[in-house]
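Below, chains carry the letters A, B, ... as their sequence lines are ordered, and counting in each starts from 1.
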Protein chains: 2
Amino acid sequence: MDVKSLELEVNLLHERVCSALSDTTRIMILYLLAERDMFVNEIADELDAPQSTISRHLKVLRERNLVSTERQGTAVLYSIVDRRIIQSLDLMRAILNDQIRADAEITRTRS
Amino acid sequence: MDVKSLELEVNLLHERVCSALSDTTRIMILYLLAERDMFVNEIADELDAPQSTISRHLKVLRERNLVSTERQGTAVLYSIVDRRIIQSLDLMRAILNDQIRADAEITRTRS
DNA sequence: TCCTTATATGCGGATAAACGAATATATATT
DNA sequence: AATATATATTCGTTTATCCGCATATAAGGA
């Protein structure tokens, strides 16, 4: 794949997926929804954040098709669309944990 | 895992990994380095970007231990540290491609 | 219809991130 | 020491993003 084609695809990747992960609260929302479907105010309670903040983050995730909604009366239930986004985050967590382990090892053996 | 512990880990995850992926140019750099180790000005040439821009992005990746360096004379060779970052990006690309395919299918069958 | 609950959004302000030009630093060569 | 090459950093500016308050919208119940 040449650089120009890759650039087109990476632009989309960034716009539609990666940019959604560039905020701690949005990552937290994804992990909460990985456990179970939740209503907006349930998420806001769990994360101890204003409802408007959570709604705004949910909008970002919704626009990118990372979460879907189902209205139930006056409430809206959110859920994960594609669990591979969690796999992807977990891979990064694994990288991070290995980094931390390696750092600790360096500190330990430097005596 | 309780929400507080998860929050601590997710903060680190965001700071040290995800935030590195929140820019198209940095993602491009990672994909270029996935192909082969490269010098700064090789990357700048490939991406048709000013050298200062590339250096600054490389600094972000370096600070997060996602790339490593080896000086060769006056030049510095950059390489990927942990290829799982590419796996993680590829997973997101797969999600994106399935989204696009699904959108196309909806458009096709709406006749 | 009026009120309540749940969610979404408009707004202004604050913060952070990106940019390229210019300059500084580091290494190698003469 | 002087010069050349490669990379890193400083600077001021621009652009994007996040925040919470206040308000708007949507659905259900009295």
Enquirer: Taking CG from Leu21(B) and P from dA17(C), how many angstroms apart are they, rounded to a whole number?
Expert: 14 Å

Enquirer: Using a strict threshold of under 4.0 Å (side-chain N to carboxylate O), is an ion pair present between Arg84(B) and Asp82(B)?
Expert: yes

Enquirer: Could you check which of dT7(D), dA8(C), dC18(D) has an atom nearest any side-chain atom of Arg62(A)?
Expert: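 So the side chain of Arg62(A) is nearest to dA8(C).
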
Enquirer: Rounding to an integer number of Å, can you tell me how far Ile29(A) CD1 sits from dT7(C) P?
Expert: 13 Å

Enquirer: Are any of Ser52(B)'s side-chain N or O atoms less than 4.0 Å away from OP1 or OP2 of dG20(C)?
Expert: no

Enquirer: Work out which heavy atom in Thr69(B) is nearest to a heavy atom in Tyr78(B); give both atom names and the distance.
Expert: CG2-CE2, 3.2 Å

Enquirer: Answer yes or no: does atom CD of Glu35(B) have more than 12 heavy-atom neighbours from other residues, nucleotides or ligands under 6.0 Å?
Expert: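 At most 12 heavy atoms, drawn from other residues, nucleotides or ligands, come within 6.0 Å of this atom.
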
Enquirer: State which of dT9(D), dA18(C), dT7(C) makes the closest approach to the side chain of Arg26(B).
Expert: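 Out of dT9(D), dA18(C), dT7(C), the nucleotide with an atom closest to Arg26(B)'s side chain is dA18(C).
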
Enquirer: For dA6(D), take OP1 and OP2 only and decide whether either is under 4.0 Å from a side-chain N or O of Tyr78(B).
Expert: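 Tyr78(B) to dA6(D) OP1/OP2: no side-chain N or O under 4.0 Å.
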
Enquirer: Closest to the His57(B) side chain: dT7(D), dA18(C), dC19(D)?
Expert: dA18(C)

Enquirer: Would you mind telling me which of dA27(D), dT27(C), dT9(D) lies closest to the side-chain atoms of Ser55(B)?
Expert: dT9(D)

Enquirer: Classify the side chain of Gln51(B) and the base of dA8(D) as holding, or not holding, a donor-acceptor pair under 3.5 Å.
Expert: yes

Enquirer: Quick check: closest heavy atoms across Ile86(A) and Ala34(A), and the distance to 0.1 Å?
Expert: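 Scanning both residues, the minimum pair turns out to be CD1-CB, 3.7 Å.
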
Enquirer: So, is Asn41(B) close to the dT5(D) phosphate, meaning a side-chain N or O under 4.0 Å from OP1 or OP2?
Expert: no

Enquirer: Between dT25(C) atom P and Lys59(B) atom NZ, what is the distance in whole Å?
Expert: 14 Å

Enquirer: Rounded to whole angstroms, how far apart are CG on Leu61(A) and C1' on dA8(C)?
Expert: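 Computing the Leu61(A):CG to dA8(C):C1' distance gives 15 Å.
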
Enquirer: If you look at every strand shown and take non-hydrogen atoms under 4.0 Å, does Arg56(B) touch a base, only sugar-phosphate, or nothing?
Expert: base

Enquirer: Find the distance Gln72(B):CD to dT29(C):P and express it as a whole number of Å.
Expert: 13 Å

